[in-house]
Enquirer: 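The following block contains the structure, expressed as structure tokens.
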Amino acid sequence: MTQTIRTRFCPSPTGYLHVGGIRTALFAWLLARQNNGQFILRIEDTDQKREVAGSTDHIIKSLHALGLDYDEGPDIGGKYGPYTQSERLDIYKKWAQKLIDKGRAYADPYTPEEVRAFREEDQKAKRPFLYRNHIHKEPPLWDGSQPLRFKSYPKIYEMDETFEDAVMGKLSIGTETIDDFILIKSDGYPTYNFAHIIDDAEMEISHVIRGQEFLASIPNYLNLYDALDIKRPVIATMPHILGLGGNKKLSKRDGAKDVLDYVREGYLPEALINFMATLGWNDGTEKEIFSVSELIKDFSLNRIQKSGAQFDEQRLLWMSGYHIRETPVDKLMKCTEGFWPDEAQDTDPKYKIQVLELVKERLKFFAELPELTMFFFTDLPVDLSLIQNNKQLKKYDIHHLHMLLKQSKESLEQSDFTVADLTLRLNQLLEQTGEKPGVLFSLIRIATTQSPSSPGLADTMAVLGKDRCMERIANQLESMK
RNA sequence: GGUCCCGUCGUCUAACGGUUAGGACACCAGGUUUUCAUCCUGGCAACAGGGGUUCGACUCCCCUCGGGAUCACCA
């Protein structure tokens, strides 16, 4: 019988989630869903100073927006709860006591200033800071007011020098990184280093998927697993997503955007997920476009890239547009709710569908909807600069253009405004006037839309309708006199 | 400085030790007899460097160089 796959995502409530963070969540989620396992959300709020109010809600919202549903979590509970670390303090104390009883934990009597002095001393000597080199000769009994430190056995790993990481492969371990790190801080809260190990064990997590920043700490964790007699989970270390330029990891500090912002700007969750998944992962073929269900089917930890991948907004834009184009209009309609221009508020949904049909192939994300569709819903004022800035029209005399448009108007007035008839008439006008399409059609386009570009002219006019078009052409003629 | 990880077009990447090193994004050119977009065609562009091992190396080993992570009472 194989073990149930249980993965987790453990953000600390210090703000929003950016693409890098949520990609880690995505991979953990994929692994769980692929194996009919569970995906757990745990909030790691052991540093009260850094806590940002509202973060947990924000994080939950972000996961929800992308469809990364979890089976257990702070808001929905579960049999291994609570799922917020600050509510699990007694559990950590219990485990800490085990360590003390075994002689594997001791009180640190130094003040923070004294520890800092040790550190500076080591730095000056160009050697890594290791607390275990500064151990107090007679550590006092731990009364909860001092930090509790782990008594590490660094030598153990000299015998067993490699460790397998599901992504990074075999890692070698230097004893120099194993230290007597702090288990419980003087404020009574555990450190991440301690709490996550306890929680993962108690919650029966099978796979720990996390970012590269923890790579160097793994030896410490191995040491602690051993001391606690905990069977270690599969560890998978993800490379970082790099910011533009590729020389630093994506971070809020450097302007990494909140994933929820992408959702608010109208990127499809499916596109966002496709983008994040293929940033550092591939299925071994040349396939680039994946649906969520395909991802669940094909995902594997061992095909995650070991090197960091640069965040490429261009690629996201392309992928977003691609997914929009692939989505049927009726489904797309639901997604566009809230993105239409205000002027479209009271418009018949049927009309909106027609508009959407016309603009969907040029849409990258839904926030572009207003600027692309405004003229379908309201009469924009005549803007003569559109003619002056048009590279075909600017060469022409305004009277000539006036005459052209007038002639067009006379023909279009006879039209029933079906696409077929409009196309026919437009082509006839081309012959009659002897003008190039770039000239004549640009002129009519500007008159009927007051925009430099639009979907196909006949299509656009058909959707706009005869009354609207004729009125707009009349207005244009008026202001060109 | 110690420890550790990584290194294929500008970017994301593919390639049982045997390929003209492939695809995608971006960019450029042309086409789809109107614009923008889509779509199609074509183009530009990479194995960090040096040594080995091998009949043969992007692929295995070593060194160098380059990039990154980490060395907190943060996670």
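Computed from a predicted structure; not experimentally measured. Every chain is numbered from 1, with letters handed out A, B, ... down the list of sequences.
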Enquirer: What is the nucleic acid contact for A:G211, judged by heavy atoms within less than 4.0 Å: base, sugar-phosphate only, or nothing?
Expert: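 A:G211: no heavy atom of the nucleic acid under 4.0 Å.
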Enquirer: Tell me what A:S12 touches on the nucleic acid: a base, only sugar-phosphate, or nothing, going by heavy atoms under 4.0 Å.
Expert: sugar-phosphate
Enquirer: Which one is paired to B:U70, where only Watson-Crick or G-U wobble pairs with both distances under 3.5 angstrom count?
Expert: B:G2
Enquirer: Is A:P128 touching bases, backbone alone, or none of the nucleic acid, heavy atoms closer than 4.0 Å?
Expert: base
Enquirer: When all nucleic acid strands are considered with a 4.0 Å heavy-atom cut-off, which category describes A:S454: base, sugar-phosphate, or nothing?
Expert: base
Enquirer: Below 4.0 Å from chain A heavy atoms, what is the first contacting nucleotide of RNA chain B and what is the last?
Expert: B:G1 to B:A75
Enquirer: Would you please indicate if the ring centroids of A:Y192 and A:F214 are separated by under 6.0 Å?
Expert: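 Yes.
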Enquirer: For A:P11, which contact category applies under a 4.0 Å heavy-atom criterion: base, sugar-phosphate, or nothing?
Expert: nothing
Enquirer: Base, sugar-phosphate, or nothing for A:T278, non-hydrogen atoms under 4.0 angstrom?
Expert: sugar-phosphate
Enquirer: Decide side chain to side chain contact (heavy atoms under 4.5 Å, CB included) for A:I22 and A:L63; before the verdict, give the C-alpha distance in whole Å, the side-chain angles of both, and the deciding distance to 0.1 Å.
Expert: CA-CA 8 Å; A:I22 204 131; A:L63 290 171; 4.1 Å; yes
Enquirer: Using a heavy-atom cut-off of 4.0 Å across all strands, would you classify A:F194 as base, sugar-phosphate, or nothing?
Expert: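 Nothing: the residue A:F194, judged by heavy atoms under 4.0 Å, touches no strand.
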Enquirer: Check for me whether the distance between the ring centres of A:H136 and A:Y106 falls short of 6.0 Å.
Expert: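 Not close enough - the centres of the two rings lie 6.0 Å or further apart.
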Enquirer: Is any side-chain heavy atom of A:K352 closer than 4.5 Å to a side-chain heavy atom of A:F376?
Expert: no
Enquirer: Quote, to the nearest angstrom, the C1' distance that separates B:A57 from B:G17.
Expert: 6 Å
Enquirer: Taking the six-membered ring for Trp and the full ring for Phe, Tyr or His, determine whether the centres of A:F275 and A:F311 are under 6.0 Å apart.
Expert: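 Between A:F311 and A:F275, which both carry aromatic rings, the centre distance is below 6.0 Å.
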Enquirer: A:L215 near the nucleic acid: base, sugar-phosphate alone, or nothing, with a heavy-atom cut-off under 4.0 Å?
Expert: sugar-phosphate
Enquirer: If I take atom CD from residue A:E270 and atom CG from residue A:L295, how far apart are they, to the nearest 0.5 angstrom?
Expert: 8.5 Å
Enquirer: Base, sugar-phosphate or nothing for A:K49? Non-hydrogen atoms, less than 4.0 Å.
Expert: sugar-phosphate
Enquirer: Base, sugar-phosphate, or nothing: which does A:E213 touch, judged by heavy atoms less than 4.0 Å apart?
Expert: base
Enquirer: May I ask you to say what A:Q310 touches in the nucleic acid, namely base, sugar-phosphate or nothing, with a heavy-atom cut-off under 4.0 Å?
Expert: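 Sugar-phosphate, backbone atoms only, no base.
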Enquirer: Across the strands shown, which category fits A:R116 at heavy-atom distances under 4.0 angstrom: base, sugar-phosphate, nothing?
Expert: nothing
Enquirer: If you draw the axis of the six-membered ring of A:Y110, does the NZ or CZ of A:R116 fall within 45° of it and under 6.0 Å from the ring centre?
Expert: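 The answer is no; the distance or angle limit is not met.
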